[in-house]
Amino acid sequence: MLTRPDADALLSIALETLQEDLLPRLAGDDKLTGLMIARALSIVQAASHDHGEQSKREMAEIATLLGETPSEDPIAARRQLARAIRARKFAPETPDAVRLRDHLLSMTAARLRLVNVKYMAARQRRAESSI
Amino acid sequence: MSLNKYRAALADFISASAGGAAMVTIGAKLGGGAIQDNWALDVEIADGPKAGRHELVLRSDAASRIAESRSRAEEVALLQVALDAGMSVPQPFAVEPTGKVIGRSFSLIRRLSGVAEPRQVLHQLADLTEMHEAEQGDDETSEAPGDALAHRLGEELAKLHRITPQAAPAGLAFLQPVGADLIARRVADYRHHLDQLPEPQPVLEWALNWIEDHAPAVDRVTLCHRDFRLGNLLIEDGQLTGVLDFEFAGWSDPDEDLGWLCARCWRFGAFAQEAGGIGSRAAFYEGYRSIAGREIDDRRIRFWEIVGTLRWAMIALDQGERHFSGGERSLNLALTALRALECEYDLLHDIEAFDKPAPEKKHRHKSAGDEA
């Protein structure tokens, strides 16, 4: 295990170097590629701070929604939930349906926060027409 | 893929199809093609019926493609029909469907001026808006550049929507017919598609249930572009110069096209400009109404916005699979897969808001009746 620098510190300085030293000197397609790399590294950095907490919460919520213990594999558990949704196990306008939407929203928001928090902020500044 | 090594083969092909000796100069690869590759091509034809200089675009399939996209020959047929309907589209020049000339099928179309890249278009409009505001002073009746463009886009779509299956040109026989079960079939197709993806998508399943439960009756079917949004529109000085990319076109509910342009995922962050991030929804609707001659049911458009958001989520996931499957390794494609999260977030909010009327807001679009 690396400690000084650890993986997080290395990632942090790599991203900083890319953004402050390299990107300002790039132009055109190279700049776009550089920006994409910076974005990918930022997402990795944000995701590395999660330590599996999000996954544990998701599994617990899926267990409550399904009324049973789902598979230990998060993807398999999510698949069980997807099948239950398609099978219409959550009737519209019932407390179960509200709980389902709350779960989906909180999980989506948590993932989007890692990927594009600016999108969430912009979306929340509503300024739209009535027609 | 480099085109230069095919220069002689391209010259032979163009000479044969144009009926005159052709000299070909291969220009830059053009942006904007996620599913197709586009190159600028300058052609000098010495003699025959097409003698002269031709500024063209060569459009070929990219290294990997997605299932929904049409062949180059079909796209050329659609372009010709759109041109005949009075739309601003590039004129087709030739099509090579066999893949024997450059290793892939391709089409040649006239090159039009303007930019398609959404950020460049939005910057262009921002500059024009600033000038407009400085010039207009107290005159609040003149139309903002973004609204003028949104109005024009409405007109353009309405021209395409005049083409119906009942009066379809023979060249469109390849299009699959659709009927009143259009939305039910779309839901079934999307569920089938979800089953092919490697990971489950609970939010998209949830949205599909909602779409199935809230589908309006489909009583009007027309030719639809099905990808009418910034990125596929050439703009110069705030004016539309061409509608591109008919690769998803087909018979559908015309409200699908209106909803696609207004869907939040195609506003490029300019959320308040509800018509494609360009201008007001009112201006866009008014432009459409002025040619189509029918009232627009805003609720139907918003339903189709939700369908559009779901569809873009699935396309984004497909784009990611082009990378993950090894067909075309690309950081851009990998990052595009994450755009599906934005769509899911929008679906969860927009479906809840569907039944809640938004507060009244005045808009500044000048309608025809305001002229008096």
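Note that these values count all heavy atoms, side chains included, but never hydrogens, waters or copies made by symmetry. Chain naming here is simple, since letters A, B, ... match the order of the sequence lines and numbering starts at 1 in each.
For chain A, no part of B/Arg339 is nearby; none of its heavy atoms comes within less than 4.5 Å. Residue contact with chain B, scored on non-hydrogen atoms closer than 4.5 Å, involves the side chain of A/Leu100 exclusively. At a 4.5 Å heavy-atom cutoff, the contact between A/Leu81 and chain B is made by side-chain atoms alone.
Within 6.0 Å of NE2 in B/His192 there are 12 or fewer heavy atoms belonging to other residues, nucleotides or ligands. Other residues, nucleotides and ligands contribute over 12 non-hydrogen atoms within 6.0 Å of the CZ atom of A/Arg88. Within a 6.0 Å sphere centred on CD of B/Gln196, other residues, nucleotides and ligands contribute more than 12 heavy atoms. Around the CZ atom of B/Arg185, the shell of radius 6.0 Å holds no more than 12 heavy atoms that belong to other residues, nucleotides or ligands. Other residues, nucleotides and ligands place more than 12 heavy atoms under 6.0 Å from the CD atom of A/Glu68.
For the options A/Leu105, A/Thr33, A/Asn116, A/Leu32, heavy-atom pairs under 4.5 Å to chain B are most numerous at A/Leu105. In terms of heavy-atom pairs under 4.5 Å with chain B, the best-connected choice from A/Arg111, A/Arg83, A/Arg79, A/Met107 is A/Arg79.
For the pair B/Asn209 and A/Ile85, the tightest heavy-atom approach, listed with the atom from each and the gap, is ND2-O, 2.8 Å. Here the closest heavy-atom approach between residue B/Pro202 and residue A/Arg78 is recorded as CG-CG, 3.5 Å.
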Test salt bridge (charged side-chain N to carboxylate O under 4.0 Å, His left out) on A/Arg123 and B/Asp350; report intermediate values, then the result. CA-CA 11 Å; A/Arg123 149 108 222 181; B/Asp350 291 346; 2.9 Å; yes
Please determine whether side chain to side chain contact (heavy atoms under 4.5 Å, CB included) holds for the pair A/Ile43 and B/Leu338, giving the CA-CA distance in whole Å, both sets of side-chain angles, and the decisive distance to 0.1 Å. CA-CA 10 Å; A/Ile43 293 169; B/Leu338 296 174; 3.6 Å; yes
Set out, in order, the CA-CA distance, both residues' side-chain angles and the distance that settles side chain to side chain contact (heavy atoms under 4.5 Å, CB included) for B/Glu344 and A/Leu104, then state yes or no. CA-CA 9 Å; B/Glu344 292 184 1; A/Leu104 295 174; over 6 Å; no
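A 4.5 Å side-chain heavy-atom check between A/Thr108 and B/Leu348 finds at least one atom pair inside the cut-off. Contact annotation: the side chain of A/Arg86 approaches that of B/Leu194 to within less than 4.5 Å [non-hydrogen atoms, C-beta and beyond].
Side-chain atoms of A/Tyr119 and B/Asp346 form a donor-acceptor pair, as typed in the model, at a separation below 3.5 Å.
Salt-bridge annotation for B/Lys29 and A/Asp29: absent, with no side-chain N of the basic residue lying under 4.0 Å from a carboxylate O of the acidic one.
Within the model, atoms CE of A/Met36 and CG of B/Leu331 stand 5.0 Å from one another, a figure rounded to the nearest 0.5 Å.
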